[in-house]
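Down below is the structure, laid out as C-alpha cells.
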Amino acid sequence: GGTVLVVDRGGGTLDVTVMVQGRAGGRRVLSTAGVGVAGDVFDRKIVIERLAGHFGAGLTYGPKGLRIPRRVFDELSDWHALGQMNRPDFLHYLAEVERTTRQPGQVRALRSLVGNNYGLRLFEQVERAKIALSGVEQATVRLRGHDLAVDEPLSREQFEHTIRAEANAVAACVDEALRLAGLAPGQVDAVIRTGGSSLIPLFQRLLADRFGAEKLRAIDEFSSVTAGLAIASHLLARGELELPVYGPEILEQGTVVARPRDGESP
C-alpha cells in the first residue's frame with residue numbers, strides 16, 4: 001500500500017504513472033506522463049556520434065571538397081531507413097565518392113554496409129554494447145563483413161555523455177508526473193522501475209537522487225507488458241475491470257478516433 005511512482009522505460013517510450021495503491025489491491029491513478037525517449041533513441045545516438053566516422057562522416061571528395069550529405073547519416077542511424085538505402089543510384093553515388101576521396105576505405109565500408117544489408121547486424125552490435133555497459137565500464141562495438149571492420153570502444157562515461165539530453169528529458173517527465181499528481185518526491189513511498197532501459201545506471205541514479213535509493217524497486221524488466229496484459233485479461237474475464245471497447249479505427253481530419261459502440265453517442 002501507499003503512493004507509488006511507476007517508471008516504464010523500454011525500447012520506444014518512457015511512461016510514468018503516479019498512483020495510490022491500496023493494501024487490499026485497489027488503486028487510484030493520480031497522474032500519467034510520457035516522452036518518446038528510450039532504448040531505440042540511445043542506439044541511434046551511438047551510431048551518429050560514435051560510429052558515423054567509420055562510414056565517411058566528415059570526409060571530403062571531388063575537386064570542390066564536397067561532403068556526404070547529413071541526411072545520409074540520419075538514415076544510417078535508423079535501421080528502417082538504412083535498408084532503403086540499398087538502391088542502384090545511391091550505390092553509384094558512393095562509388096563516385098570513393099573514386100574521388102582520400103579516405104576510400106570509409107566509403108567502401110559504407111557501400112558494404114548498405115549493399116550487403118548489414119544494417120540489422122550493426123544495430124545488434126550497438127545494442128549488445130549498450131547492454132554490456134549496464135554491468136561493466138567499457139564495451140566495444142564490433143562489426144565484421146566484406147570490406148568492413150569496425151572496432152569502436154565505448155565507455156559508460158561516454159555513453160552517458162551521449163544521452164545526457166535524453167536523460168534531462170526523462171527527469172523533466174518524472175517531475176511533470178509529480179507536479180500533475182500534486183506531490184513532492186518525499187511523498188512517494190515506492191518507485192517501481194521496469195522495462196529493459198531501466199537497467200541503465202544513469203537512470204537508476206536519476207531516480208535515486210530524487211527519491212532515495214531505498215525506495216527503488218525493479219519488477220519484471222523484460223516481461224512487465226505481457227504480464228500486465230495477462231492480468232488485465234484475467235480481471236476482465238472475472239468482471240472486475242472495465243475497459244472501453246473500440247471498433248475499427250478511422251482517420252478523421254488527421255486524428256485517429258474510434259467508432260462508438262452500439263447504443264453510445266458519437
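Just so it is clear, the values below take in all heavy atoms, side chains as well, and ignore hydrogens, waters and symmetry mates.
Taking NE2 of H54 as the reference point, atom CD of Q106 lies at 8.5 Å (rounded to 0.5 Å). Note that OG1 of T17 and CG of L5 are 8.0 Å apart. Values are rounded to the nearest 0.5 Å. From L76, atom CG reaches atom CE of M85 across 6.0 Å, with rounding to the nearest 0.5 Å. Here the CD1 atom belonging to I48 is positioned 10.5 Å from the CZ atom belonging to F73, to the nearest 0.5 angstrom. Distance check, rounded to the nearest 0.5 Å: CG of L178 to CG of L30 gives 10.5 Å. Remark: L82 CG to H80 NE2 distance equals 11.0 Å, nearest 0.5 Å.
Nearest heavy atoms, S77 versus V47: CA-CG1, 3.8 Å. Listed here is the closest heavy atom pair of L14 and V7: CD1-CG1, 3.5 Å. Looking at every heavy atom in both residues, A167 comes nearest to L202 through CB-CD2, 3.7 Å. For the pair N86 and G115, the tightest heavy-atom approach, listed with the atom from each and the gap, is ND2-O, 3.5 Å. Residue A33 comes nearest to A177 through the heavy atom pair CB-CB, 3.9 Å, listed as atom of the first residue, atom of the second, then distance. Nearest heavy atoms, S31 versus L180: CB-CB, 3.7 Å.
Listed by chain and number, the residues in a side chain to side chain donor-acceptor pair (under 3.5 Å) with N116 are S112 (sequence neighbours excluded).
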query = Where do R50 and V141 land on the side-chain contact (heavy atoms from CB on, under 4.5 Å) test, with the steps shown first?
reply = CA-CA 9 Å; R50 306 294 306 181; V141 180; over 6 Å; no
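When side chains are defined from C-beta on, R179 counts as touching E176, because their heavy atoms get closer than 4.5 Å. Contact check for V170 versus E166: no side-chain heavy atoms found under the 4.5 Å cut-off. For the pair V97/L59, a side-chain contact is recorded, criterion being any heavy-atom separation below 4.5 Å from C-beta on. When side chains are defined from C-beta on, Y118 counts as touching H146, because their heavy atoms get closer than 4.5 Å. V72 has its side chain out of reach of F55: every pair of non-hydrogen atoms, C-beta onward, lies at least 4.5 Å apart.
The closest donor-acceptor contact from the side chain of D189 to the backbone of T3 lies under 3.5 Å. A distance-only check finds a donor-acceptor pair linking the side chain of T101 to the backbone of T60 [under 3.5 Å]. Under a 3.5 Å cut-off, the side chain of K45 and the backbone N or O of T162 do form a donor-acceptor pair. Looking at E96, its side chain never comes within 3.5 Å of a backbone N or O of Y93 through a donor-acceptor pair. Within the 3.5 Å criterion, the main-chain N or O of I219 finds a donor-acceptor partner in the side chain of T194.
No chain of hydrophobic side-chain contacts below 4.5 Å, direct or via other Ile, Leu, Val, Met, Phe, Trp or Tyr residues, connects V4 to L183. Transitive grouping of hydrophobic side chains (ILVMFWY, heavy atoms separated by less than 4.5 Å) brings V191 and V174 into a common cluster. Taking hydrophobic clusters as Ile, Leu, Val, Met, Phe, Trp and Tyr residues chained together by side-chain heavy-atom distances below 4.5 Å, L206 does not share a cluster with I192. Linking ILVMFWY side-chain heavy atoms closer than 4.5 Å, directly or via other members, places I200 and V37 in a single hydrophobic cluster. Clustering ILVMFWY residues whenever any of their side-chain heavy atoms sit less than 4.5 angstrom apart, transitively, puts V6 in a cluster other than the one holding L199.
Listed by first then second residue, pairs satisfying ring-ring contact (aromatic ring centres under 6.0 Å, His included) with a partner in residues 183-207 read F42-F203, not counting sequence neighbours. Within the structure, salt bridge (charged side-chain N to carboxylate O under 4.0 Å, His left out) contacts touching residues 103-112 (residues at least two apart or in different chains) are E98-R108, E98-R111. For residues 5-19, there are no salt bridge (charged side-chain N to carboxylate O under 4.0 Å, His left out) pairs, not counting sequence neighbours. Note on residues 209-241: no pairs pass ring-ring contact (aromatic ring centres under 6.0 Å, His included), not counting sequence neighbours.
For E157, the CD atom sits in a loose shell: 12 or fewer heavy atoms of surrounding residues, nucleotides or ligands are nearer than 6.0 Å.
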Please tabulate, one pair per line, all N/O donor-acceptor pairs under 3.5 Å involving side-chain atoms of residues 119-127, not counting sequence neighbours.
| unit_1 | atom_1 | unit_2 | atom_2 | d |
| --- | --- | --- | --- | --- |
| R121 | NH1 | R144 | O | 2.9 |
| E127 | OE1 | K130 | NZ | 3.0 |

